Amino acid sequence: MTYSTARTKLTDAVNKLDQARTDLLAKLDEIQADTTRTDQWKEWTSEDAKGTFSERTEGLSEVIEQAAAELDAEILRHNTAFDLDSPTLEKALRLAQLGDVLPDSAVTEILSKMTNPAEVRLVQSVFRKAGNSSAELDAANRAESLTAHPVGDLASQTWYVINDPLSSATNGTITDLMDGINAADSAMAQEG
C-alpha cells in the first residue's frame, strides 16, 4: 500500500469519528437545552444519541489502527531507505571526509540535495569521523527534518474517543493525530 492510500484511509476514518463525536456533542447540548422536556426524557434521549454514536463508529477503531499500521510501515520505509547507487550520496560521502576543510556553503548544498534521513545520518557519521562538528550538527538537523514520525501510538488513542466520547481527556486526541499525520506529510514530501 502506498503512503497516500494509507493516509487517505486513515484520515477518512478519523474524520468520520470526529464528525460522529461532533454530532453527538451537539445533540446532547440540544437535548439538555430543551426546557420543555423532563429529566427522564432527556436521559432516555441522551442514551439514544449515544447509541447512534456507537452505531456510527462501530469498527472505526480497527480501521484506524490498521490504516495507521500501514502508514507507519511506509514511514519506516521512508526513514530507512538507502540508495547505494545514488550519485548524491556518493559525492556527499567523499566530500564529508574532507572534514573542516569543507566550506559551510558546500555542506549546505550537499545536505539540501539529500532526501533520505538514513543517508543523511550516514553522511553525519562521516562528518563526525572527519572532525567537522558544525557539519555533523547540520546533518543531524537535516536528518531530523526528513524523518517522519510514526502515528500508530496517536491513532491508538482514538479508541478512547470511541469508548468515551464525552470525556474531556479525549478532546485533543483527534487534533494530535491529525497534527502527527501532517508532520509526517511534511517529512515524506521531501523524499526524492
Side-chain angles (χ1 to χ4, degrees), residues 1-82 115-118 120-121 141-192:
M1 176 171 290
T2 67
Y3 176 84
S4 178
T5 304
R7 184 198 188 284
T8 299
K9 187 176 176 182
L10 178 58
T11 56
D12 286 351
V14 170
N15 287 332
K16 286 178 186 176
L17 173 59
D18 190 35
Q19 187 60 56
R21 183 173 188 259
T22 299
D23 292 349
L24 172 63
L25 296 175
K27 182 67 175 172
L28 293 175
D29 286 345
E30 179 186 316
I31 292 166
Q32 292 306 312
D34 189 343
T35 58
T36 65
R37 302 295 183 149
T38 66
D39 287 343
Q40 184 179 14
W41 179 88
K42 289 179 182 183
E43 186 178 325
W44 179 81
T45 307
S46 294
E47 289 305 315
D48 188 48
K50 291 174 190 174
T52 300
F53 171 82
S54 293
E55 289 171 11
R56 288 179 65 188
T57 60
E58 187 175 345
L60 278 181
S61 183
E62 292 82 8
V63 171
I64 289 169
E65 291 200 27
Q66 178 190 16
E70 292 166 358
L71 193 68
D72 282 354
E74 288 302 308
I75 287 171
L76 178 63
R77 183 207 53 77
H78 163 80
N79 289 341
T80 59
F82 242 92
T115 59
N116 298 60
V120 175
R121 285 189 178 86
N141 291 334
R142 177 66 175 159
E144 180 57 30
S145 76
L146 294 171
T147 300
H149 298 282
V151 297
D153 288 342
L154 293 168
S156 68
Q157 299 300 310
T158 61
W159 180 86
Y160 296 106
V161 176
I162 291 169
N163 288 292
D164 192 3
L166 305 180
S167 171
S168 61
T170 63
N171 284 344
T173 302
I174 292 172
T175 302
D176 292 347
L177 175 55
M178 294 307 289
D179 288 349
I181 293 168
N182 290 333
D185 288 349
S186 179
M188 298 289 282
Q190 298 179 65
E191 183 174 36

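Note that this is a predicted model, so its numbers are computed, not measured. In this chain, residues are counted from 1 in sequence order.
Residues Ile75 and His149 have side chains not in contact (no heavy-atom distance under 4.5 Å, counting atoms from C-beta outward). The shortest distance between side-chain heavy atoms of Leu28 and Leu166 falls below 4.5 Å. The shortest distance between side-chain heavy atoms of Asp185 and Ile181 falls below 4.5 Å. Within the 4.5 Å cutoff, the side chain of Glu30 has no heavy atoms near those of the Thr45 side chain. Side-chain atoms of Leu146 and Asn116, non-hydrogen and from C-beta on, never get closer than 4.5 Å to each other. The closest side-chain heavy-atom distance from Gln32 to Lys42 is below 4.5 Å.
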Using side chain to side chain contact (heavy atoms under 4.5 Å, CB included), reason through Ser145 and Arg142 one step at a time and then give a plain yes or no.
CA-CA 5 Å; Ser145 76; Arg142 177 66 175 159; 4.0 Å; yes

Determine whether Thr57 and Lys16 satisfy the following criterion, side chain to side chain contact (heavy atoms under 4.5 Å, CB included), listing intermediate values before the conclusion.
CA-CA 8 Å; Thr57 60; Lys16 286 178 186 176; over 6 Å; no

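Distance alone, capped at 3.5 Å, places no donor-acceptor pair between the Ser186 side chain and the Asn182 backbone. For Asp18 (side chain) and Val14 (main-chain N/O), no donor-acceptor pair under 3.5 Å exists by modelled atom type. Of the possible polar contacts, none joining the Thr158 side chain to the Val161 backbone as a donor-acceptor pair under 3.5 Å is found. Side chain of Asp72 to backbone of Val151: a donor-acceptor contact under 3.5 angstrom is found. For the pair Asn79 (side chain) and Pro117 (backbone), a donor-acceptor distance under 3.5 Å is absent.
Nearest heavy atom pair, residue Ala118 against residue Ala81, reads CB-O, 3.6 Å. Listed here is the closest heavy atom pair of Arg121 and Thr147: NH2-OG1, 3.0 Å. Annotation for Ser61 and Trp159: closest pair OG-CD1, 3.5 Å, computed over non-hydrogen atoms. Scanning all heavy atoms of the two residues, the minimum distance from Gly152 to Ala68 falls at CA-CB, 4.1 Å. Taking both residues in full, the closest heavy atoms of Pro165 and Arg21 are given as O-NE, 2.7 Å, listed atom of the first, atom of the second, then distance. Ile162 and Phe53 make their closest contact through O-CE2, 3.4 Å (heavy atoms, listed as atom of the first residue, atom of the second, distance).
Atom-to-atom distance recorded for Asp164:CG and Thr170:OG1 is 6.5 Å, nearest 0.5 angstrom. The CD atom of Glu74 sits 9.0 Å away from atom OG1 of Thr5, with the distance rounded to the nearest 0.5 Å. Atom CG of Asp12 is separated from atom CG of Leu17 by 12.5 Å, given to the nearest 0.5 angstrom. A distance of 12.0 Å separates CD1 in Ile64 from CD in Gln157, rounded to the nearest 0.5 Å. The structure places NZ of Lys9 at 11.0 Å from OG1 of Thr2, a figure rounded to the nearest 0.5 Å. Taken to the nearest 0.5 Å, the OG1 atom of Thr175 stands 11.5 Å off from the CG atom of Leu154.
For Trp44, the CH2 atom sits in a loose shell: 12 or fewer heavy atoms of surrounding residues, nucleotides or ligands are nearer than 6.0 Å. By the 6.0 Å contact criterion, CG on Asp153 is open, its count of non-hydrogen atoms from other residues, nucleotides or ligands being 12 or less. Counting non-hydrogen atoms of neighbouring residues, nucleotides and ligands closer than 6.0 angstrom, the CZ atom of Phe82 exceeds 12 such neighbours.
Between Lys27 and the choices Leu25, Asp29, Ile31, the side-chain contact (heavy atoms from CB on, under 4.5 Å) rule is met once, by Ile31.
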